[in-house]
Each structure stands twice: as structure tokens, then as C-alpha cells.
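I have placed the structure first, in the form of C-alpha cells, so that the comments after it can refer back to it.
Below, chains carry the letters A, B, ... as their sequence lines are ordered, and counting in each starts from 1.
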Protein chains: 2
Amino acid sequence: MIKAEIKELFRNQEKFIDQKVQISGWIRTLRDSKSIGFMEINDGTFFKSVQVVFEDELENFKDVTRLSISSSVTIEGQFILTPEMKQPFEIKAEKIIIEGQSTSDFPLQKKRHTLEYLRTIAHLRPRANTFAAVFRVRSLASYALHKFFQDKGFVHVHTPIITGSDTEGAGEMFRVTSLDFDNLPKTDEGKVDLNQDFFGKETNLTVSGQLNAEAFALAFRNVYTFGPTFRAENSNTARHAAEFWMVEPEVAFAELADIMELGEEMVKYVIGYVLEEAKEEMEFFNSFIDKTLLERMEQVVSADFGRVTYTEAVELLKNSGEKFDYPVEWGIDLQTEHERYLCEQIYKRPVYVTDYPKEIKAFYMRANDDGKTVAATDLLVPGIGELIGGSQREEREDVLAERITELGMSVEDYWWYLELRRFGGTKHSGYGIGFERLLMFITGMKNIRDVIPFPRTTGSAEF
Amino acid sequence: MIKAEIKELFRNQEKFIDQKVQISGWIRTLRDSKSIGFMEINDGTFFKSVQVVFEDELENFKDVTRLSISSSVTIEGQFILTPEMKQPFEIKAEKIIIEGQSTSDFPLQKKRHTLEYLRTIAHLRPRANTFAAVFRVRSLASYALHKFFQDKGFVHVHTPIITGSDTEGAGEMFRVTSLDFDNLPKTDEGKVDLNQDFFGKETNLTVSGQLNAEAFALAFRNVYTFGPTFRAENSNTARHAAEFWMVEPEVAFAELADIMELGEEMVKYVIGYVLEEAKEEMEFFNSFIDKTLLERMEQVVSADFGRVTYTEAVELLKNSGEKFDYPVEWGIDLQTEHERYLCEQIYKRPVYVTDYPKEIKAFYMRANDDGKTVAATDLLVPGIGELIGGSQREEREDVLAERITELGMSVEDYWWYLELRRFGGTKHSGYGIGFERLLMFITGMKNIRDVIPFPRTTGSAEF
């Protein structure tokens, strides 16, 4: 008898023909007549389930027919090819061991549930097809990102989660503390005495690992981060979560154009990997979530991404004749409606916009010679808008220090970041990609809450 | 001319023989006489540096000779094999472009610095050999862990960092809040009004992703987490950090023995991967950090890990004749001195201790039939002590609920964790491995602060 996971049964059918096998899993469906029963068993290793046939010769036939959906069982039986049936094979049970019974109030019965309802049972929803598919794709896409960078020799840097600094010079951050809320120590001036906090000062949850990654890029040349980041933003939308994962490559001796190429190659690699490794899941999304998904993904993998400057893009939008909710003028931060119009209507493929006005971009982006723009880029993709945001970093210590001061920040707070420029600083560039946004792009899921195992959003930190 | 990274030059020397190449990197050493100079250039892609020879024919010869250590340069020149020299090849420069000058006060001059001093310049220390080696090994070991689990079809689950629950039912946690410390909203009773906090309740940083991983194991069968975890413990030791990364596989239909095998295979795989992919770095550790490291690693890869019950281990320790600081009696939590004695003196290899007294282990571990012990295991390794801690999980809802109550915790807080048992719960097991402890084991580094890029410890959250 061969102990097998269900994925092996599907992928190596020849190996099992007429063999006795043992599988374990959860009952997805169960029906029976007086003397024969059928169940579909899923063990989570594969998107599809195995059909098991059992007859009343089994001594526990009656008990088995009474099992509720999601009960766990171990089945021993004959593996039989069934070329004439819908499923390629089935197992004729010789023994069924009941591992754990489920109760009749199991919330995932066969009928379809709303995504909103499924969020309230995040501990059970990975047993539903949609989430079995989403979270396997999440795992594969995550691995594909690691593989892409590691195969190129990039060094993975675990940048800190708890931080004493605010990378973006903006952004609402979560405070981290070990002080007793109901008994805060005070200074003589009546302020909270942060000297008594765990780290002896104010600390927050990171919004980006970029500044730390830059330090490592200036030692290892090619590095990337992949970790959780946080925003305490009170935005109750389908696109915002308080906790999400971000990938941030950073490359020394690289100009903006270099990391744009890297980003294009990365997006195509990850999508290609998922299309290959999660065929069944992607077909499911295409059938039940978004009928144009596979077509769009194939197109992204084969397209050359467009390139346009912000200034040109503004002209294109103004001359498009389209009425936007938010009017287009040079200097505005492009809104999702503009971003989507650019890539969906004008370019009909992903497009990089470059050289944004410095006022709407972060302090560390390299000033262009025109005095107005910075060497920044956003990658816009159909259906989503911004997927990647990157820039060449300001490597000139004096220019950087001046910009920090100009924005009312303190150069002392950035002492080590400035020192990176003093000790053999060189041109370098990097970008960030929100992992959940990439997943929404790949799966067609419309709400960020549905691509995160246990989402954290305004007012919600359940499970 | 071929643009190349230094790793390629070393790994594919044949390709470059007598070719013109372009490299970029940072100056590690520089010396010159009147008409000729030598520098070692490192670009971070490889542990070793390239020797560059330059002569006074270069128009900027004088400027180059005046460069400080760690200045960044781009070199164009001839790649020449030098079989008679210490280094296998060198580059004869035809052009040297100065990318970014360093200043003479660059803190990493050639002399050796203490590890303590290097911690104060965490933004620069990856340019020192020890940390170039440590952080490349960190990246490779991290990838090896992903590769190990992904090749087996495990699903990577990103468990939440911000959590409303305390997994271990113990442990000092960091509070996460968006409230204004100097202006906390109060309830009528004078308590802090947590309804007004971001999540509408008290939230903390996770100490483990296990409970969430269990939910996914009961859907996907084989899952693992790999993410940051936190302890607000005031322990200023070489082994404790407030923020560290943990890997937690969780497997449905698996008994304790199954995940012990998995853990043994994993440890061997990761070490084997690093020995293969980071030869130069491992040789460096063996020469400069710990002379017995390579021997120990080779031995771990080839040994069969020992297995002994806690009860037997206590007998072995009591009968050993060894004087311990902390006396051994059945019921005690084994101390590092006991753990190390067991694996270093008695077994002389890694050893799994199993079936610990339930009083010293967590509530979710499966009760053994003896009524005294639980199906728990720790893997002890030479030089470190505990590397892995795991258990079979209590799958019986009534037994689990009773234990939760017995320990003064509330079954309501664990409603969804208990539900996992109600809806087709099955036997399942998992373990956790502290990633930094694994790195200390592999590199021979003795302080956890030296294997974390930007460590967070009591009183310290710099960079």
C-alpha cells in the first residue's frame, strides 16, 4: 500500500494504476444510496478532490454515510482509472477510518457564500475553493519572488519591523510600546516618559525597509527585502490594509532605467511561475472571478511594458477627451482613474511613468537637472493602477541634506543615511511592490481582505 | 567589453580570459609606488575581492592614488590570469572612473575592530568581512528554508504580525496602538478607551504564528510560516532579541515522530545548502570565528539525530556524575547547561528530547495517556542547546477546552481555535525554529546581535 498525497495521485497517475493507496483528507461532498456511497476527498495538497466510492461491505458503512461535510478521514483502497468518467480516476475504498467528525453546523456547506461572510470565518475559509486557490497562489507567488532574486544573486535583507525612524518622512504609523497604558510613567513636565519604554525612545512599526536596504545595497550591490509593513491609515477601502507585505529590491550602480527593466522582468517571472505551477487555480479564477484574467496575464507576460514621462502622460490625458472626476494638470498626483486610463485605454498594457514633479514624491528621490522633477517611476497595470513605485536615490550628500532641511525634517535623524553618501556612495536605485496588490492583479480578487490570510484593517484584528 | 559582477569573474574565469571587462565596486585596499598602484575591489556579489593594477599612464593616476578606502569606482581593463600569484587573476586597468569618494575618516580601516564597535555602525558593517559573510549566509539559509518546504509542496502562510490574542498564553508582548500617548482617550471609569484605538481593542505584536498556521494546516495539510516574532522581555543576553524571525511548519495527519523527521531533514538540508553555496564564507568562519565549525557542520549533516524521552534524559543527567549549577530533577525545565551536556557529552550529536512534563509546556500540546506528559519535543544541538521546539497538538476539543480552563485562560478567547477541532479536526503536529539561533549554529557567531542586520534589543532600536 502506498501512502500518498492527493497531488501525487493527480500528477503521477501511472504510478498508482491498480495499486492499493492510502490517503487522508476532508470530505467535500458525500452522497449515498442504500448500498453505495460517493465522497469527494480533498487533502489540501491539490486544488481538485478525489472521488472515493464505498459500498455497504464496509463494516462502518452506516457511520460513514452519516458523516458531515469537512469530517476528516483516512481511506485505504484501490486506485482505478476511470477514463469514461468526468474525473480521471477514483478510489474504491476497502477501509475508511474516521479521523475527526465534523458537526452538521459546519459553515461551509455546498452553497455559495459571499466573500463578506467568508471573512467572518477566516479560520475556515481556506477550505472553500476560492480561498484554497488564493492562498496557494499567494504562497507560490511569494516563492517565485524569492527565486527570481536569489537566482540573480540578490541578498535577502531582513530589515527591522520595529523602527525609531519614519522612512517616508510622512505616513501614519503604529506606535510600539511596552509601557502600561493605564499607568504611564511621566516626566517632570507631565509628558509620557519615553526613557522608560522598552527601547528608551519612541518606536513605531515600519512603513518601508528601503533606507535600511540602501545600506546593504552599498555593501552587497544587489539586495531585496520581503517583509510586513504597516500603515495606521483610517481608510476603509477595498485597497487598504493596516498590515501588508512589501518587496523592495535595491541595486547599487543602477540607474532608474535599470530597475525598470528589473521590475518588468520580475512581474513577468512571477506571473509565468504562477501560470505554470497553479494551472487549476488560475483556471478557477478565470471561470469564477474574472473571465478576462488569463487573457490579461498572458498578454502581460508577452508585452513590452510602455515608458512615458509624467509630463508626456499629463498631455496624453488632457488631450484624450476623457472626463475625469479629478481634472488633470501638470503637478497633480495621478489618481487611480488616470493611471487606469493610461494603461487600459491609451497603452493597453502595463506602462512605466517616469520623472514626476518633485513636490509629490519622497525626499530621497534623485533630483533631475530640470530642477522640477525627480528620477521616479510608477508602474501602472490594467485593472489595478499603480503596482510598483521606484526611483533612483539621491546619492549627492549635499543635495540630499538640503532637501531634508527644505522639507522641515532633521538631518540629525538621518545621520547614518547621509553617511552612506559620504563613504563611497554611488548611484543606486530601487523600487517597492505591494505584494497584496500583485496578488489582486494575478488572481482578479477585488478586495485586499481576500488575499490576506488574516487581514488587519480599521477596526478589525480578529483571529 | 563585458560588464560583469565580480562573482561571475571568479566563477567563470574561462569566459573572461584576455577580455576587456568593466566592473564597479568599492575599494577595500589601495597601495601605490610612484608609477604603479594596486587595489582590491569588492562589489558585494562575492566574498573575495578582485586585484586591479593601474599605472601612471592613466590620466587620473594621481587622483586615484589619493582615494580613501571604500570609495566607489568603475574600472575598465584587461582580465588576465595570474596562475603564479596568490589571486587567480587580476584586472589591468585602462580606465578608472571615480563614482563616489569616501573620506579618510571611514570607520572600517584595515585593522580589526571589535564586534561591539561594529554594532554601533550597523549601516556600514556589512562591508566588513565578518558581516559580509554573516548576512550572505543569512540570505542563503532563508532561501534554503523556503526551497525545502516549497519543494515538498508546503503552502507558505503569512500569519498576522498584529494580533488580538496571545498564542502562548504567556510571554511579554509589545503593545501596538495608534492612540496619542500624551492625550489618551478615557472611559467613564478612567481607563484608557480602547474602543477608540485603531482596531477597537487591545492589540499586540505576535509571539508566534502557530495558532493561525494550524487553521491553514487543517485546509492545506502541509504549511509553514516564516516571519518576524517579538518578545518584550527585559533580557540583555547574547541570545535574546526583541525582534527575531521564526519558521513554523505545521502538518495535518502528522504525529510527533513525523515532524521530528521533518525537522531533522530540514536542518540537514539548510546546512548542506549553505555549505555548497557559501563555501568561501564558511571557510572564513572556520578560520576566524570557530575552528571546529566545518567539522561540526559536516558531522550534523551526516549524523542520525538521537531520540530520548525527557524521563530517560533526566536519568542520564542524574547518573552522569556531572555537577550542574541547576540540579536535575524530574519536572524541571531543562536548562541550557543540561541541554548542551546531553547533546555534546552524552550523544555527541543533535538529539530530540520528547514527552516533557505537561506543567512546563504550552496548553495546546497533546496530552499523553500517562496523564503527566505531553507529546512535545525539543531538538538540542551542540554549542547552542534548544534549536527546535515542537509538539503534536491537542486535537480533542474537550481535552483542549479543559486544559485552557485549568490554566485560567478563557475558552471564549480561543473560540475559533477550538472550532478547528469541531469541524473535522484531526491529529496534527508542528514545530518552531528560531531563525537567528539556526544562523548562530551555522556561522559560529556567539551573539544574536551579530546575525541580525539591525538588531532590536532592550534599550536599543537604532538605525
What distance do A:H123 atom NE2 and B:L418 atom CG have between them, rounded to the nearest 0.5 Å? 10.0 Å

Chain B contact via A:L124 - side chain, backbone, both or neither, heavy atoms under 4.5 Å: side chain

Go through the atoms of A:S68 and report whether side chain, backbone, both or neither lie under 4.5 Å from a heavy atom of chain B. neither

Looking at A:W415, A:Y417, A:Y414, which hits ring pair (Phe, Tyr, Trp, His ring centres under 6.0 Å) with B:F463? A:W415

Residue selection (most heavy-atom pairs with chain B, distance under 4.5 Å) from A:R221, A:E277, A:K427, A:K201: A:R221

For a 4.5 angstrom cut-off between non-hydrogen side-chain atoms, does A:S178 reach B:E172? no

Can you tell me which portion of A:K191 sits under 4.5 Å from chain B's heavy atoms? Options are side chain, backbone, both or neither. both

With a 4.5 angstrom heavy-atom cut-off, which part of A:Y224 approaches chain B: side chain, backbone, both or neither? neither

A side-chain contact here means heavy atoms from C-beta on lying under 4.5 Å apart; do A:F181 and B:E202 qualify? no

Who wins among B:R175, B:R138, B:E99 for the most heavy-atom pairs under 4.5 Å with chain A? B:R175

Structural part of B:I161 lying under 4.5 Å from a heavy atom of chain A: both

Interface residue of largest heavy-atom contact number with chain B, from A:A132, A:S70, A:S102, under 4.5 Å: A:S102

Under a 4.5 Å heavy-atom cutoff, which of B:L184, B:T74, B:T177, B:V157 has the most pairs with chain A? B:T177

Where does A:D105 contact chain B at under 4.5 Å (heavy atoms): side chain, backbone, both or neither? both

Quick one: which of B:G227, B:G153, B:S71, B:P228 has the most heavy-atom pairs under 4.5 Å with chain A, could you say? B:P228

Does any heavy atom of chain A fall under 4.5 Å from the side chain of B:E233, the backbone, both, or neither of them? backbone

Under 4.5 Å from any heavy atom of chain A, what part of B:I98 do you find: side chain, backbone, both or neither? neither

Bottom line for B:L218: the part with an atom under 4.5 Å from chain A's heavy atoms is both

Looking only at the aromatic ring of each residue, does the gap between the centers of A:F174 and B:F199 stay below 6.0 angstrom? yes

Once rounded to the nearest 0.5 Å, what's the spacing between atom CD1 of A:I452 and atom OG1 of B:T159? 12.5 Å

Centroid-to-centroid, B:F216 to A:F454, below 6.0 Å? yes

4.5 Å side-chain heavy-atom contact, A:W416 and B:E462: no

With a 4.5 Å cut-off on heavy-atom pairs, point out which of B:G200, B:S24, B:A215 contacts chain A the most. B:S24

Chain B contact via A:T203 - side chain, backbone, both or neither, heavy atoms under 4.5 Å: side chain

Nearest-0.5 Å distance, CG of residue B:D182 to CG of residue A:L194: 7.5 Å

Between B:F46 and chain A, with a heavy-atom cut-off of 4.5 Å, which part of the residue counts as in contact: side chain, backbone, both or neither? neither

Would you mind telling me which of A:P455, A:S460, A:A217 has the largest number of heavy-atom pairs within less than 4.5 Å of chain B? A:S460

Whatever's closer than 4.5 Å to a heavy atom in chain B on A:S142 counts as side chain

Is there a side-chain contact between A:E5 and B:N222, using heavy atoms and a 4.5 Å cut-off? yes

Per-residue contact mode, A:L108 against chain B (heavy atom under 4.5 angstrom): neither

If one checks every heavy atom of A:D43 against chain B at 4.5 Å, the contacting part turns out to be both

Correct closest heavy-atom pair for B:R456 and A:T163 would be NH2-CA, 3.9 Å

Per-residue contact mode, B:F253 against chain A (heavy atom under 4.5 angstrom): side chain

Less than 4.5 Å to any heavy atom of chain B: does that hold for the side chain of A:I162, its backbone, both, or neither? both

Chain B contact via A:E397 - which portion, at a heavy-atom distance below 4.5 Å: neither

What part of A:Q101 lies closer than 4.5 angstrom to a heavy atom of chain B: side chain, backbone, both or neither? backbone

Looking at B:A461, B:P160, B:G459, which one has more heavy-atom pairs under 4.5 Å with chain A than the rest? B:P160

Measure distances from A:K186 to the heavy atoms of chain B and classify the residue's part below 4.5 Å as side chain, backbone, both or neither. neither

Would you mind checking which part of B:F435 comes under 4.5 Å of any heavy atom in chain A, side chain (CB onward), backbone (N, CA, C, O), both or neither? side chain

Please name the residue in the list B:H156, B:Q150, B:H146, B:H158 that meets the side-chain hydrogen bond (donor to acceptor under 3.5 Å, both in side chains) test with A:S139. B:Q150

Does any backbone or side-chain atom of A:A128 lie under 4.5 Å from a heavy atom of chain B? Answer side chain, backbone, both or neither. neither

Apply side chain to side chain contact (heavy atoms under 4.5 Å, CB included) to residues B:V73 and A:T426 and explain how you reach the verdict. CA-CA 9 Å; B:V73 289; A:T426 181; over 6 Å; no

Hey, which of A:A252, A:A242, A:G100, A:A219 has the most heavy atom pairs under 4.5 Å with chain B? A:A219

A:T103 side, atom OG1; B:E419 side, atom CD - distance, nearest 0.5 Å: 8.0 Å

Check B:A232 against A:F198 and note the closest heavy-atom contact, atom names and distance. C-CE1, 3.5 Å

For A:S72 versus B:G424, what's the shortest heavy-atom pair and its separation? OG-O, 3.4 Å

Should the heavy atoms of other residues, nucleotides or ligands under 6.0 Å from NZ of B:K3 be counted, would the total exceed 12? no

Are B:F220 and A:F135 close enough that their ring centres sit under 6.0 Å apart? no

Which bit of B:P126 is near chain A, if near means a heavy-atom gap under 4.5 Å: side chain, backbone, both or neither? both

Between B:Y143 and A:K147, is the side chain to side chain contact (heavy atoms under 4.5 Å, CB included) condition met? List the steps. CA-CA 8 Å; B:Y143 183 59; A:K147 190 161 158 45; 3.3 Å; yes

